[in-house]
Amino acid sequence: MPRCSVLQRAIFDVNNDGQDDLVIKWSACFRGNPIDSLYVFPKDSDAVTRLKSGPKGWGVLFDAENKFGGIDSRWFSLDELPLDQTDGIKQGIAGAFIHPFIFHGITYVSIEGLLLDWVAINQYLGKDHFKDVCYFRYQPTVTDTSDK
């Protein structure tokens, strides 16, 4: 479990528009559960230097135009998953571990739920919009290993 309140920053093209962005990832705890948030700013933004400790000191993050994850969006809907593969039940990811990564020059974002049952790989399109690429589902199996 991550420490409660870890701030990371990186510069890369998070939305694949050809321009680098300043991406700030904040990992924190909400009611004892870890949860990640990503905040996206122009590459030359002074957002990091404007962060302060204390009440409202992180307002620059919360006021970001491009952000996702965190306590404001605890549900990530698996929109591209056909309902016939889920017994007609809409699926989603509750809570979120968010991990951006670059593969063959394209940025993707992995979103994993607190229950560790689904992983969604998608592309971030900006302003809380995503293009889902694929999903992985963990389905535990129980095997009887007792002697009969």
Side-chain angles (χ1 to χ4, degrees), residues 1-86 88-141:
M1 182 153 123
R3 299 178 132 212
C4 282
S5 214
V6 175
L7 191 70
Q8 299 172 309
R9 67 179 174 158
I11 294 179
F12 62 97
D13 182 8
V14 70
N15 57 5
N16 298 298
D17 67 356
Q19 297 181 20
D20 282 343
D21 306 289
L22 168 63
V23 179
I24 298 175
K25 178 180 177 181
W26 181 30
S27 299
C29 290
F30 180 68
R31 296 185 178 159
N33 293 310
I35 193 163
D36 293 338
S37 303
L38 284 187
Y39 304 91
V40 182
F41 298 92
K43 176 183 171 183
D44 57 353
S45 171
D46 65 347
V48 174
T49 60
R50 293 185 6 232
L51 293 171
K52 306 288 183 220
S53 62
K56 299 185 181 182
W58 290 45
V60 64
L61 295 182
F62 306 135
D63 295 338
E65 188 173 319
N66 288 301
K67 59 187 172 188
F68 60 95
I71 61 173
D72 291 335
S73 54
R74 291 178 290 237
W75 179 262
F76 180 82
S77 181
L78 304 180
D79 293 329
E80 301 297 322
L81 187 64
L83 290 178
D84 64 351
Q85 294 183 19
T86 62
I89 301 170
K90 185 83 172 155
Q91 298 292 308
I93 296 175
F97 297 108
I98 302 171
H99 308 286
F101 64 95
I102 300 171
F103 183 72
H104 291 292
I106 298 173
T107 302
Y108 299 92
V109 179
S110 166
I111 299 178
E112 182 178 353
L114 291 173
L115 301 176
L116 305 177
D117 52 348
W118 285 100
V119 176
I121 305 296
N122 58 61
Q123 292 178 302
Y124 177 60
L125 304 176
K127 300 195 191 234
D128 210 23
H129 297 291
F130 298 89
K131 175 185 175 190
D132 296 350
V133 176
C134 67
Y135 306 116
F136 299 94
R137 184 175 189 183
Y138 173 70
Q139 294 180 301
T141 56

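In this chain, residues are counted from 1 in sequence order. Because the structure is a prediction, the values reported are computed rather than measured.
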Identify, with sequence neighbours excluded, every residue that meets ring pair (Phe, Tyr, Trp, His ring centres under 6.0 Å) alongside F12.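 Scan of F12 (ring pair (Phe, Tyr, Trp, His ring centres under 6.0 Å), adjacent residues dropped) gives none.
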Donor-acceptor contact present, side-chain K67 to main-chain F62, <3.5 Å: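 Here the side-chain-to-backbone pair exists.
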Given 3.5 Å as the limit, does a donor-acceptor pair link the side chain of D46 with the main chain of R50, or not?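 Pair absent, no side-chain N/O of D46 close to backbone of R50.
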Contact between [X] and [Y] at the side-chain level, heavy atoms closer than 4.5 Å - yes or no?
{"X": "L22", "Y": "K43", "answer": "no"}
{"X": "D21", "Y": "N66", "answer": "no"}
{"X": "T107", "Y": "Q123", "answer": "no"}
{"X": "V40", "Y": "N15", "answer": "no"}

Would you please name every residue forming a side chain to side chain donor-acceptor pair (under 3.5 Å) with Q19, sequence neighbours left out?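 By the side chain to side chain donor-acceptor pair (under 3.5 Å) rule, Q19 matches no residue at all.
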Side chain to side chain donor-acceptor pair (under 3.5 Å) with H99: which residues, sequence neighbours excluded?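 Scan of H99 (side chain to side chain donor-acceptor pair (under 3.5 Å), adjacent residues dropped) gives K25.
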Quick check: are there more than 12 heavy atoms from other residues, nucleotides or ligands sitting under 6.0 Å from CZ of R137?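 Counting other residues, nucleotides and ligands, CZ of R137 exceeds 12 neighbours.
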[Y] and [X] aromatic ring geometry - parallel, tilted or perpendicular at 30°/60° bounds:
{"X": "Y39", "Y": "W26", "value": "tilted"}
{"X": "Y135", "Y": "W118", "value": "perpendicular"}
{"X": "F130", "Y": "Y124", "value": "tilted"}

Check: D36/S27 side-chain N/O donor and acceptor closer than 3.5 Å: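 D36 vs S27: donor-acceptor pair found between side chains.
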